Protein chains: 2
Amino acid sequence: MLDMAILGLLEEKDLHGYEIRRQLRDNLGILANVSFGSIYPALSRLEKTGAVVATEDQATPATDASAPAPPTGSLSGELAVLRARRHTPTRSRRGKKVYRITEKGRLVFTELLAESGSVDDARSFGLKVAFARHLAPQARLTLLERRRAILVQRLAEAGAHNPDLDVYARSVVQHTADSVTQDITWLDRLIATERATFHPAAAELTYEGDIR
Amino acid sequence: MLDMAILGLLEEKDLHGYEIRRQLRDNLGILANVSFGSIYPALSRLEKTGAVVATEDQATPATDASAPAPPTGSLSGELAVLRARRHTPTRSRRGKKVYRITEKGRLVFTELLAESGSVDDARSFGLKVAFARHLAPQARLTLLERRRAILVQRLAEAGAHNPDLDVYARSVVQHTADSVTQDITWLDRLIATERATFHPAAAELTYEGDIR
DNA sequence: ATTTCATTATATCGGTTCGATATAGCGTTG
DNA sequence: CAACGCTATATCGAACCGATATAATGAAAT
């Protein structure tokens, strides 16, 4: 799921891991404050499958420290340099690895965005919606309806609130149900808007029709 | 986190894995439909640390099939029995492993419930609230306030919604923020009730006072 | 009667995410 | 110039999920 979001960001411009996290955090705020422990493995995955390529940070103007053995005079200094080298063979001086999306990556992104899965989780669904502008109107509508169906079903199954629950359990269950209800309302608004823009004229005719 | 919930259920009565899942699903419904891939490892964990003990299913009244070599006359029948025995050396006939909470388990439960962590995640927090009746009034209040503080901070950090977001991203972010706001409102109600029951008389005096 | 099916029941596997931790370069500020 | 905070990458263990395998049981269908 993170993969999709990362590819979505890289579609706009090349970024490195730290920036990706910032973008997610700053732009999508509450929805996606993702850990580095997720970001970097995700980038490795994507690189391994060829969806992205890691390029060196070309912006290394001042203080060229790539000399083989800078005679610092300090032994510990030299050792530190070597240790750093050993640990970061492919990285540039600043240690920035800028990632660029490939053609395959663009394909993968489209697939991930359009695939039927990843709708059960609120987080994953939210991320999909956040990048829904890359979807065809039809696929967008389908996505929203699929999520709606899941929430409705979940609400129905939870159903009749158990009477032998104490105040706290009942309260939290009720509140969760209310949240889901609000989610559905939100989806209904989105779906309505979506339908209106899709066929603005025949809106009243095709209304409530043959959904599969 | 699951550990706490499981111990909470076992505090009421002995249960086996399948039942634990059902209880969570049926009672807490939407909030906690937990996978078996979480339940069974959790039970193993708890057993390993001695928080629970696995007992045999003693309820095997009718059709006593524990005879060493029931003369079924059918060879395949005998073989089936033996194969079942081989695969389930510690399990009873039905394969049920009923878990009972230990004294240490009760202690662990109290600790898990009272610990300051596991409040960032909506799920974990929900589960804690669901078992909040086992908490002291003070600890209960603290739990609710801690969660509230986190949500408020999260909302503040998300802050000024980015203007250069498209309709979809903006919509999902806004909706998420609304949900969090509703969560806070809910918490406020709970906190108010909690305070009222804690010191019913001085409610108006200590009102809006020295929260840490 | 027996096959078939749904339910009950336990268990493991691979993959994803998180939180914590380690490391280090860099810029600002005291 | 030392201390601090931000930028930046990376890895680790633990938790959880979804899928899958296995098997016993009971009821319904044939």
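Everything numeric here is computed off the predicted structure, so don't read it as measured data.
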Tell me, please, whether B/Phe125 has B/Arg147 positioned over its six-membered ring: NZ or CZ under 6.0 Å from the ring centre and within 45 degrees of its axis?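 Checked: cation-pi criterion met.
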Distance in angstrom units between [X] [atom1] and [N] [atom2], rounded:
| X | N | atom1 | atom2 | value |
| --- | --- | --- | --- | --- |
| B/Tyr99 | C/dA9 | OH | P | 13 Å |
| B/Asp121 | C/dT17 | CG | P | 15 Å |
| B/Arg21 | C/dA11 | CZ | P | 16 Å |
| A/Lys97 | D/dA10 | NZ | C1' | 9 Å |
| A/Phe36 | D/dT7 | CZ | P | 9 Å |
| B/Phe125 | C/dC18 | CZ | P | 20 Å |
| B/Glu115 | C/dG19 | CD | P | 14 Å |
| B/Glu19 | C/dT8 | CD | C1' | 10 Å |

Is a salt bridge present between [X] and [Y], judged by a nitrogen-to-oxygen distance below 4.0 Å?
| X | Y | result |
| --- | --- | --- |
| A/Glu12 | A/Arg133 | yes |
| B/Arg148 | B/Glu145 | no |
| A/Arg106 | A/Glu103 | yes |

Candidate pair B/Val98 and B/Arg100, rule side-chain contact (heavy atoms from CB on, under 4.5 Å), full reasoning: CA-CA 7 Å; B/Val98 177; B/Arg100 187 196 316 280; over 6 Å; no
If the plane angle is over 60° it's perpendicular, under 30° parallel, otherwise tilted; pick one for B/Phe109 and B/His134. perpendicular
Tell me which of B/Gly17 and B/Asp120 sits closer to the 5' end of DNA chain C, going by the nucleotide each one is nearest to.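 Per heavy-atom nearest nucleotide, the more 5' residue is B/Gly17.
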Any side-chain N or O of A/Arg22 below 4.0 angstrom from OP1/OP2 of D/dA8?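 Yes.
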Below 4.0 Å: OP1/OP2 of C/dA11 and any side-chain N or O of B/Tyr40: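 Result: no.
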Between B/Ile39 and A/Tyr18, which is nearer to the 5' end of DNA chain D once each is assigned its nearest nucleotide?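 In this pair, the answer is A/Tyr18.
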Between protein and nucleotides 14-16 of chain D, what N or O pairs are separated by less than 3.5 Å?
unit_1	atom_1	unit_2	atom_2	d
D/dC16	OP1	B/Leu2	N	3.3
D/dC16	OP2	B/Arg45	NH2	3.1

Please report the interatomic distance CD1(B/Ile6) to CE(B/Met1), rounded to the nearest 0.5 Å.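 Interatomic distance, B/Ile6 CD1 to B/Met1 CE, rounded to 0.5 Å: 11.0 Å.
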Compare the minimum distances between each of D/dT7, C/dT10, C/dT8 and the side chain of B/His16, then state the nucleotide with the smallest one. C/dT10
